[in-house]
Number of protein chains: 2
Amino acid sequence: MPTMSVENYLKAILSLHEEGKVQVSTTELAKRVESTPASTSAMLRKLGERGWVEHKRYHGVRLTKSGHGIAMNILRRHRLWECFLVEHLGFDWDQVHDIAEELEHVDSKELANRLDAFLGFPKLDPHGDAIPGPNGRFRSVAARTLLLDAPRDLELIVVGVVDGRDAFLRHLGVLGMSLGTRLTIRKRHAFDGSLEIQFNDDDDMQMVSPSVCSRLWVDQNNPEPIIEFPHPDDTDEKRKV
Amino acid sequence: MPTMSVENYLKAILSLHEEGKVQVSTTELAKRVESTPASTSAMLRKLGERGWVEHKRYHGVRLTKSGHGIAMNILRRHRLWECFLVEHLGFDWDQVHDIAEELEHVDSKELANRLDAFLGFPKLDPHGDAIPGPNGRFRSVAARTLLLDAPRDLELIVVGVVDGRDAFLRHLGVLGMSLGTRLTIRKRHAFDGSLEIQFNDDDDMQMVSPSVCSRLWVDQNNPEPIIEFPHPDDTDEKRKV
DNA sequence: TTAAATTTTTAGTCATGTCTAAAAATTAAA
DNA sequence: TTTAATTTTTAGACATGACTAAAAATTTAA
Ligand SMILES: [Mn+2]
Ligand SMILES: [Mn+2]
Ligand SMILES: [Mn+2]
Ligand SMILES: [Mn+2]
């Protein structure tokens, strides 16, 4: 029965893990949870004592298996609630994060499972992020590429955002982009890395900055290979592929 | 921006007001929020300082208009979420209270209003209790009587419970009663106040204790007079009837 | 109307989680 | 490799909300 604060720290560590950091530094974590390094340091001591992280002083932390399970559970609830807010209450995808940030802490396994069923066991949240299942593992997700790295002259479809902050989502709105937008890269500008993109719905052409392109996941309409993201410690051989 | 704890205290005071107490005593409130008189006393000082209650030391408290507004808002969210849990997630009416007790603290006016719309602007929660509207006032509710006080030989319909605790709701299940049950009082036993009740669906007769009968609201199938429950301080003349 | 019982408040602790400022350890630069 | 910069931890405070035990006020009983 972790507190709300503990849950937020664990979830933040998980998200940093998923961004590639094997060891999470105190300062980085502090930024993520919007607190100070001092507070974070104190929290890490506690998380370590309770067996949710492995913490070597002055070097980073890693989630333990049990900490990873808790964090995946919060992430699951966060993304399920985001689905509910967008699909059933009609919120825009840039309005749901803060509300889900609170809803995710309502503690009831039964609630999460029933909500999951009510939503039709979605695989992705409104931002294209994978939703963990009740077992604490991600459901399979289609392969995807950063728009910045995608090939030219091939129809692409926007399937996710790397950066879920409201400011970025609203900027996408200004550019006329959202999940499902079909587009084709027509030109790469070597000078600043901008892409000239054709919007396949209206044949409109537009210049898009590399900063935006590096924050968008696109699908190349390949047959979808299945990928799972287990916890690094998880050597369970019976795992389904 | 009251804390979760403050919200629980204010809501508890409101519910005691609605049970007829004009002044709420420290001990009674402590029992309701499941804390001690000492903790409650400290909280009341704080609530008074912030202008949410009027508190004369050693005599009870009353909600101020602003405190009443906050409490009605929490109550609104509590009951809306209960509707959602029962009607859309398939929970039983005796499983939703504790979950709603947490959901009610998720702070977003927009969320409450959209949920309200999603549910079709319900007037009553799954326990037959009135749901406050976005203006902080109860919506109109049909007149109702305690089963204990209802007349004999008249078809009645169960429309609400006075006591929403899970134990009581489950006991109702054992008796085969829930919201909507049609019944008729056939005999009053003077000795212990028990009622002999005919269930109109299956013509079954059953003895029901006065303790249960004093916890059930029934409708007499009269044309529904409209009642509102404004705050006692509210002398606003423009109020709609 | 005084004494006893009850209720309420105060006093003193504790747990959680936050902060700033200072000290310690690590990492980067010279 | 010694020094400088950066990161992390510790020290010391504070806010919130809970508790037990003791004192004060009120209510009830004698
Ligand atoms: Mn959160
Ligand atoms: Mn999301
Ligand atoms: Mn509550
Ligand atoms: Mn209810």
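Given the structure is predicted, the values throughout are model-derived calculations rather than measurements. Below, read A as the first sequence line, B as the second, and so on, with proteins coming before strands; counting in each chain starts at 1.
Taken residue by residue, residues 16-24 of chain B places no heavy atom nearer than 4.0 Å to DNA chain C.
Rounded to a whole Å, the CD atom of A:Glu28 is 14 Å from the P atom of D:dT9. For the pair B:Lys56 NZ and D:dT27 C1', the computed distance is 17 Å after rounding to whole Å. Spacing between atom CE of A:Met43 and atom C1' of C:dT16 amounts to 8 Å, rounded to whole angstrom units. One atom, CD of B:Glu34, and another, P of D:dC19, lie 10 Å apart when rounded to the nearest Å. For B:Lys31 and C:dT6, the NZ to P distance is 12 Å, given to the nearest whole Å. As rounded to whole Å, 9 Å separates atom P of C:dG17 from atom CG of A:Leu47. Look at CG on B:Leu44: it is 12 Å from P on D:dA18, rounded to the nearest Å. Atom CG in A:Asn8 sits about 17 Å away from atom P in C:dT16, given to the nearest Å.
For the side-chain contact (heavy atoms from CB on, under 4.5 Å) with A:Leu10, the qualifying choice from A:Ile74, A:Leu63, A:Leu75 is A:Leu63, the only one to do so.
Contact check, B:Arg45 against D:dG17: no side-chain N or O comes under 4.0 Å of OP1 or OP2. In this model, the phosphate group of C:dC19 is approached by a side-chain N or O of A:Thr36 to a distance below 4.0 Å at OP1 or OP2. Taking only side-chain nitrogens and oxygens, B:Thr3 comes nearer than 4.0 Å to OP1 or OP2 of D:dG17. In terms of phosphate contacts, A:Lys46 brings no side-chain nitrogen or oxygen within less than 4.0 Å of OP1 or OP2 of C:dT16. Regarding contacts with the backbone of D:dT8, every side-chain N or O of A:His55 stays at 4.0 angstrom or more from both OP1 and OP2. Put simply, B:Thr27 has no side-chain N or O that comes within less than 4.0 Å of OP1 or OP2 on C:dT6. Note on A:Ser39: every side-chain N or O is 4.0 Å or more away from OP1 and OP2 of C:dT18. Contact between the side-chain N/O atoms of B:Ser35 and the OP1/OP2 oxygens of D:dG17 is not found at any separation under 4.0 Å.
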Can you pull every protein N or O that's under 3.5 Å from an N or O on nucleotides 21-26 of chain C?
| from | atom 1 | to | atom 2 | distance (Å) |
| --- | --- | --- | --- | --- |
| C:dA25 | O4' | A:Tyr58 | OH | 3.4 |

>> Apply salt bridge (charged side-chain N to carboxylate O under 4.0 Å, His left out) to residues B:Glu104 and B:Lys11 and explain how you reach the verdict.
In response: CA-CA 11 Å; B:Glu104 69 188 359; B:Lys11 185 163 67 93; 3.2 Å; yes

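Side-chain polar atoms of B:His97 and B:His78 form a donor-acceptor pair below 3.5 angstrom. In this structure, a donor-acceptor pair under 3.5 Å is absent between the side chains of A:Thr26 and A:Ser41. There is no side-chain donor-acceptor pair under 3.5 Å between B:Gln23 and B:His59. A donor and an acceptor atom, one from each side chain of B:Ser211 and B:Arg215, are located under 3.5 Å apart.
Contact check on A:Arg170 versus A:Asp92 returns no salt bridge, with no Lys/Arg side-chain nitrogen under 4.0 Å from an Asp/Glu carboxylate oxygen.
Backbone-only engagement by A:Ser25 is indicated by non-hydrogen atom pairs under 4.0 Å involving sugar-phosphate atoms exclusively.
No donor-acceptor distance shorter than 3.5 angstrom exists from the side chain of A:Arg77 to the backbone of A:Leu111, with no hydrogens or angles considered. Remark: the backbone N or O of B:Phe84 is not paired with any side-chain donor or acceptor of B:Glu87 at under 3.5 angstrom.
By the 4.5 Å heavy-atom criterion applied to side chains, A:Pro134 and A:Asp116 are counted as neighbours.
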